[in-house]
Amino acid sequence: MSGLLHGPTAEPAAATRRRRVAVVGVALSDCGRVDGPTPHALHAQAARRALADSGLDRRVIDGFASAGLGTLAPIEVAEYLGLRPTWVDSTSVGGSTWEVMAAHAADAIAAGHANAVLLVYGSTARADIKARRRTSNLSFGARGPLQFEVPYGHTLISKYAMAARRHMHEYGTTLEQLAEVAVQTRANAAANPDAMFRAPLTVDEVLSGEMIADPFTKLHCCIRSDGGCAVLLAAEDYVPDTAKAPVWILGSGTSVSHTTMSEWEDFTVSPAAVSGRLAFERAGLTPADVDLAEIYDAFTYMTLVTLEDLGFCGKGEGGAFVEKGRLLRGGELPVNTDGGGLSACHPGMRGLFLLVEAVRQLRGEAGQNRQVTKPDGHLPEVALASGTGGWFCSSGTLLLGRG
């Protein structure tokens with residue numbers, strides 16, 4: 001995408017009023033098993049496709065947000081794409097990075113500090129391991145607060161596992177209920193041709209898998225894939241020129257919790273309890289208004305506890321809530337309708353993929369076999385995307401809607 005943009009052609013609007021902000025373009029790069037392209041190439045592929053999806057001229061882009069790649073991210077990636085943004089964000093808070101960035105971008109556009117902001121991500125996490133360019137271990141270092149935990153061998157997975165065990169002890173949540181999250185997510189993936197794993201699962205298969213970190217077997221954990229995606233946000237002024245109907249940002253909320261496990265007051269409460277409350281308050285909506293939810297699912301427990309903290313069920317009721325097919329495309333609350341990180345794709349920081357899927361569902365573009373509809377047969381009107389970073393360290397929640 002060399003030469004994409006060498007400076008915006010339009011000055012940001014004066015901040016005399018807060019403008020409405022819409023998602024006007026979304027796209028995936030090639031995903032799944034992608035052995036050839038570099039991460040930079042996946043960024044470019046996704047960005048080109050999202051721009052084409054929007055129908056806008058590339059010169060309107062004056063904002064850029066990216067994380068996870070480059071010596072001076074996102075400057076290096078912007079340069080690779082030929083962008084010269086006048087607004088930039090490099091926030092990096094793990095898997096929730098993209099929801100937090102989208103919230104920042106929406107605020108900047110609303111205030112007139114930018115007109116159109118491109119968010120883009122790409123990773124070859126699976127291909128790098130296969131080619132032995134990196135190992136499977138992920139280290140966050142041993143300095144600062146982490147120095148007090150690293151000697152005890154805490155891995156990211158084990159931290160989630162401990163939290164899950166606490167929820168099981170506190171509320172009687174069962175392994176079978178956690179397994180139901182993986183089973184229903186896989187059922188959603190079965191109708192998605194882009195999903196990496198589509199074969200049906202049973203609860204017994206999840207429970208009998210290889211133990212990774214008690215109580216998580218392999219199928220309780222997200223997959224490792226390659227892939228990228230991009231999302232273009234723009235001010236309402238540009239919506240008449242877009243190729244498709246806009247999906248509006250209705251409200252957002254962000255929150256951070258802890259980095260040291262000993263500073264986490266309650267292992268059964270995630271920072272989504274705060275980010276979700278803020279997003280609903282700012283949107284003037286309630287959980288009952290949501291037609292579908294895209295929730296970060298690095299592990300089955302993450303989905304379950306986030307559903308509780310967002311208010312879709314009471315605290316401790318997540319186990320019962322995920323039973324009886326509630327998360328399926330035709331269920332009471334369709335969740336991770338593309339198959340999520342447990343089955344569709346998870347190339348590292350998956351948060352931006354949540355926004356792509358939410359927008360496609362609201363537009364009615366998911367396809368005949370997996371499009372969510374309301375009980376009356378109409379398209380969904382409100383979607384929620386909630387990302388989680390670190391080991392429940394951060395959360396970003398966005399509410400999106402049509403019309």
Indicate the atoms forming the closest heavy-atom contact of Pro39 with Thr124, along with that distance. CG-OG1, 3.4 Å
OG1 of Thr260 to NZ of Lys159, rounded to nearest 0.5 Å, is 7.5 Å
Answer yes when Arg363 and Asp53 have at least one side-chain N-carboxylate O distance shorter than 4.0 Å, and no when they do not. yes
CZ of Phe148 to OG of Ser262: how many Å apart, nearest 0.5 Å? 9.0 Å
Are the charged groups of Glu294 and Arg360 less than 4.0 angstrom apart, N to O? no
Do the side chains of His167 and Asp266 get nearer than 4.5 Å, heavy atoms only? no
For Gln361 and Ala293, indicate whether the former's side chain and the latter's backbone hold a donor-acceptor pair under 3.5 Å. no
Has Asn115 got a side-chain atom pairing as donor or acceptor with Val60's backbone, closer than 3.5 angstrom? no
Which heavy atom of Ala41 sits nearest a heavy atom of Pro37, and at what distance? CB-CB, 4.0 Å
Report yes if the side chains of Thr217 and Glu205 come closer than 4.5 Å at any heavy-atom pair, otherwise no. no
Consider only side-chain N and O atoms of Ser343 and Thr185, and report whether a donor and an acceptor are under 3.5 Å apart. no
Nearest 0.5 Å, please: how far is CG in Leu83 from CZ in Phe64? 6.0 Å
Identify whether NZ of Lys or CZ of Arg in Arg33 sits under 6.0 Å from the centre of the six-membered ring of Phe197 and within 45° of that ring's axis. yes
Could you tell me whether the side chains of Asp204 and Thr202 share a donor-acceptor contact shorter than 3.5 Å? no
Asn336 CG to Leu328 CG distance, which is reported to the nearest 0.5 Å: 11.5 Å
Min side-chain heavy-atom separation Ile223-Leu342 under 4.5 Å: no
Salt bridge Arg59-Asp57, side-chain N to carboxylate O under 4.0 Å: yes
Can you measure from CG (Asp214) to CE (Met162) and round to the nearest 0.5 angstrom? 12.0 Å
Has the side chain of Gln45 got a donor or acceptor atom that lies under 3.5 Å from a matching backbone atom of Asp30? yes
With the threshold set at 4.0 Å, does a side-chain nitrogen-carboxylate oxygen contact exist between Asp107 and Arg282? no
Ser66 and Val77 have their tightest heavy-atom pair at OG-CG2, 4.2 Å
Please answer whether the main-chain N or O of Gly95 pairs with a side-chain N or O of Tyr296 as donor and acceptor at a distance below 3.5 Å. no
Contact between Leu354 and Ile295 at the side-chain level, heavy atoms closer than 4.5 Å - yes or no? no
Pairing donors with acceptors under 3.5 angstrom, does anything connect the side chains of Thr397 and Ser386? yes
With ring-ring contact (aromatic ring centres under 6.0 Å, His included) as the test, pick out the partner of Tyr160 among Phe216, Tyr301, Phe392. Phe392
Could you tell me which non-hydrogen atom of Trp248 sits nearest to which non-hydrogen atom of Val21, and how far apart they are? CE3-O, 3.4 Å
Quick one: does Asp297's side chain have a donor or acceptor within less than 3.5 Å of a partner on Phe299's backbone? no
With heavy-atom distances below 4.5 Å as the criterion, would you say the side chains of Pro347 and Asp226 are in contact? no
Any heavy-atom pair between the side chains of Arg224 and His346 that's under 4.5 Å? no
Looking at Ser255 and Val274, would you say the former's side chain and the latter's main chain have a donor-acceptor pair under 3.5 Å? no
Would you say the side chain of Val88 lies within less than 4.5 Å of the side chain of Pro74, judging by non-hydrogen atoms? yes
Heavy-atom pair with the smallest gap, counting every atom of Leu156 and Gly390: CD1-O, 4.3 Å
Please check if the side chain of Arg402 supplies one atom and the backbone of Leu379 the other of a donor-acceptor pair under 3.5 Å. yes
Provide the closest heavy-atom pair for Leu233 versus Ala102 in the form atom of the first, atom of the second, distance. CD2-O, 3.9 Å
Output the distance between atom CG (Leu304) and atom SG (Cys313), rounded to the nearest 0.5 Å. 7.0 Å
Answer whether the closest heavy-atom distance between the side chains of Leu333 and Phe321 falls below 4.5 Å. yes
Can you check whether His258 and Phe267 have ring centres sitting under 6.0 Å from each other? no
Main-chain N/O of Val335 paired to Asn188 side chain as donor or acceptor, under 3.5 Å: yes
Taking atom NZ of Lys324 as the centre, report whether more than 12 heavy atoms of other residues, nucleotides or ligands fall under 6.0 Å from it. no
